Amino acid sequence: MKNTAIKVLCVVIALAMLMIYPVSAAAVSSSLNVVETSATTLPTAEGANPVIVVNGWEHNNLYANPNSRTATQVFPPDTNAMVTVAEAIVNYIMMGENYYDEVTQYIGRTLSGYFKYIPCNLDGTPQTGVGVKKLTHSLAFYQKDEALVKEMAGDLGLICAQEAGFDRVYVFSYDWRLSPMDLASEFNDFLHDTVMKETGASKVNIIAEGMGANVTSAFMSKYEQKRGFQDVDNYVLVNSAAQGTSIIGALYTGNIDVDPNGVIRWVNDRADNIPVAFGAWLANYILNKEEEINYMVTTIDTYLIHELPQLYDQYLREMLCYNAGLWGLIPWTADDEFYEMAKKMMYIDGKGNRLHMNSMLEQKIDAYHDVQRTAGGILQEAQREGVKVAIVSGYNMQIPPFYNGLDENKGSSETSDGIVDTKYSSFGATCAYLNDDWVGKFLIEQRIDDGHKHTNEETDDVHKISVDASTCVLPENTWFVKGLKNNYIHSDKLDAYYFISWLVFADEQRDVRQNGYYPQFMMYDRFNDKLYGVRRNDGDRFNHSGDIDLNGVVDSSDARLVLLAAAKLVKLTGARAVNADVDGDGKITATDARWVLRAAAQLINEGGFPVNQKK
């Protein structure tokens, strides 16, 4: 049993070692199919602004000779190799205190090898000779290279391309080791010299995920605010890391501690299908019942108490302290506690003496910290100036359980999307902690009464809530998806596909009461690829006959879409195709269009569609 427990913990530790750079999405085959260049786009996105996609760092792998035919990926390291390393580390630790020095040396060699490209120069500039691939044209230019498109565009990019056409979607890739302020300048040049120059557009839509939001937040502050937000039409943030994440804060402050209950929950949250989920639950149940996990976690914590200072002095501090990009992931708090603690932790020597930070590096990281401080106000100002802003935040997932928080509760009890704390990705939601028995600790009531309800109700008791959106900077335009993991919108059969399209290609400011399909609080069932309202389990929530554009109502625009599909001028897929076949004959024809038009004119109700009468 102990060997099994070690295997489980090895996987957890390996993933934790990679957590400062999540597993590359390029290594996981996307379930979205790259459509042919000749495919006609839907009228709902036809003529839309060009879209710039700024993905998280998992789509920005580091390469030697990145833009040549000899490009070789040098980071992130292979996950299987990291599991092997973690197994060796755990086995060493379990052998007792006499082996602690060997463990520390082994970890040091591993970090120096696998993570050697993370350390930067004293002024925060990255090492030369290594960088990211760059796409200098729209996705249409690269479409024949399917692997490249999947790696760089990610599923958010593919969603936008399938809606608007590959020639309207651009991907901004970035070296995440750079300061977000430097990347903002690169983004500004890309917007004007590439996107606007090629398309002739005067405005763009931007969608950013994870650390990509750090880049766009710096851009909005450094450039767009000064221009009156004239270049941006729609601005969508998904699981934003712009305000930081506690797991990176923990690395920079030294608040490392393993939470056994968090380990159990985090392992369970990794499962993406029911058999794996059951296996994870059963293994965790047995191991926890036998106290194996508690025993190993206690042993590892004992090791950390003895050796963590040496790990920082010899390896971690050098790896982290000059990386301007990672500094941008230290959480912003009103009292700057995380940030000041990080500076003190990173700039001391082995004897506890305070060291001086390079002035150029400090200027860069302070500048982005100021962006974090004002980011909420900039979002509000952008919206007042006409930018259509939408924020999507995952919650109820276990953040990596390897650190202590800044209060009496363990930081690993923060609700999150699995990497970024919900309170940060939502720009200010008040969130309950995840409790030791895996059930959210509940808040009592909504903090700010603005005349609208902004709390989720996950039990029959209306006073028990776990997320309060009333404290967000944009409570009317922030959506929460329970169980939506970071970098996890990845299927054209997924309801979230339509949700993202609805936000990115909005012709008006979206809000949480505008569409019954998309209430403020939803839940994502990753086993069935379904998005639900948080208090209901109503089957196929897109089985709404006649509603082809998925806006919650049947109107003349739906009839037009059916006519275009019948004439083979557009191709409807997924929920759109199901909803268009209102006569239930398995085909989309002019007959369907006539039925939809009658419903739009209120000559019949939706129950009068032949397909509904057959049910």
Side-chain angles (χ1 to χ4, degrees), residues 41-48 159 162-164 205 234 236 388-390 392 452-453 476-479 481 492-523 530-567 569-584 588-615:
T41 57
L42 290 175
T44 50
E46 187 179 16
I159 286 171
Q162 291 191 2
E163 288 293 289
N205 296 342
N234 293 359
V236 180
K388 297 183 281 292
V389 182
V392 181
H452 293 150
K453 179 177 174 293
E476 300 293 333
N477 317 107
T478 304
W479 286 261
V481 184
D492 60 353
K493 297 180 180 178
L494 196 72
D495 295 345
Y497 170 100
Y498 302 108
F499 175 47
I500 294 300
S501 300
W502 182 69
L503 297 176
V504 173
F505 299 105
D507 55 4
E508 60 181 338
Q509 174 64 62
R510 303 302 194 198
D511 67 58
V512 296
R513 268 165 287 281
Q514 191 175 33
N515 189 326
Y517 285 146
Y518 309 122
Q520 182 152 44
F521 293 94
M522 296 177 278
M523 61 183 297
K530 292 293 180 184
L531 193 65
Y532 299 104
V534 77
R535 296 193 67 186
R536 62 184 181 179
N537 188 4
D538 53 1
D540 186 355
R541 65 197 300 274
F542 284 99
N543 189 12
H544 185 177
S545 297
D547 181 19
I548 293 85
D549 59 9
L550 306 178
N551 68 349
V553 297
V554 178
D555 53 29
S556 59
S557 67
D558 296 305
R560 175 173 177 259
L561 281 172
V562 181
L563 277 173
L564 290 170
L569 296 176
V570 301
K571 182 179 180 180
L572 301 177
T573 59
R576 294 188 176 102
V578 172
N579 292 353
D581 183 21
V582 296
D583 63 6
I588 301 174
T589 65
T591 301
D592 295 303
R594 286 196 294 271
W595 279 107
V596 173
L597 195 57
R598 292 181 66 191
Q602 299 184 349
L603 298 176
I604 62 170
N605 59 34
E606 294 162 34
F609 290 140
V611 68
N612 292 331
Q613 293 177 355
K614 294 177 183 179
K615 294 179 180 179

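As the structure is a prediction and not an experimental result, all values here were calculated from the model.
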Going from NE2 on His452 to CD on Glu476, what distance comes out if it is rounded to the nearest 0.5 angstrom? 5.0 Å
Nearest-0.5 Å distance, CG of residue Asn477 to NZ of residue Lys388: 12.0 Å
Sequence neighbours excluded, which residues qualify as side-chain contact (heavy atoms from CB on, under 4.5 Å) partners of Gln602? none
Whether the side chain of Gln520 engages the backbone of Thr478 through a donor-acceptor N/O pair (distance < 3.5 Å, no angle test) should be reported. yes
List in chain and number order the residues that pass side-chain hydrogen bond (donor to acceptor under 3.5 Å, both in side chains) with Lys453, two or more places apart in sequence or in another chain; answer none if no residue qualifies. none
dist Asn515:CG -> Trp479:CH2 (nearest 0.5 Å) comes out at 9.5 Å
Which distance, rounded to the nearest 0.5 Å, do you find between the CD1 of Ile548 and the CG of Leu564? 11.0 Å
Tested for side chain to side chain contact (heavy atoms under 4.5 Å, CB included) against Leu572, the lone hit among Val578, Ile588, Asn579 is Ile588
For the aromatic rings, using the six-membered ring if either is Trp, is the centroid distance between Tyr518 and Trp502 under 6.0 Å? yes
Counting only N and O atoms by type, is there a donor-acceptor contact under 3.5 Å from the side chain of Asn234 to the main-chain atoms of Ala506? yes
Looking at residues at least two apart in the chain, or sitting in another chain, which of them share a side-chain hydrogen bond (donor to acceptor under 3.5 Å, both in side chains) with Asp555? Ser557
Nearest heavy-atom neighbours spanning Ser556 and Ala600: N-CB, 3.6 Å
Asp558 vs Asp547, side-chain contact (heavy atoms from CB on, under 4.5 Å): CA-CA, chis, key distance, verdict: CA-CA 6 Å; Asp558 296 305; Asp547 181 19; 3.8 Å; yes
Can you spot which of Ile604, Leu561, Val562 makes a side chain to side chain contact (heavy atoms under 4.5 Å, CB included) with Val596? Val562
In short, Ala566 meets Ala590 closest at the heavy-atom pair CB-N, 3.7 Å
Shortest non-hydrogen contact between Phe609 and Ser545, atoms and distance: CE1-O, 3.4 Å
So, Asn205 side chain and Val504 main chain: donor-acceptor pair closer than 3.5 Å or not? yes
Least distance between heavy atoms, Ala390 atom then Leu503 atom: CB-CD2, 3.8 Å
Looking at every heavy atom in both Ala48 and Phe505, which two are closest together, and how far apart are they? CB-CD2, 3.7 Å
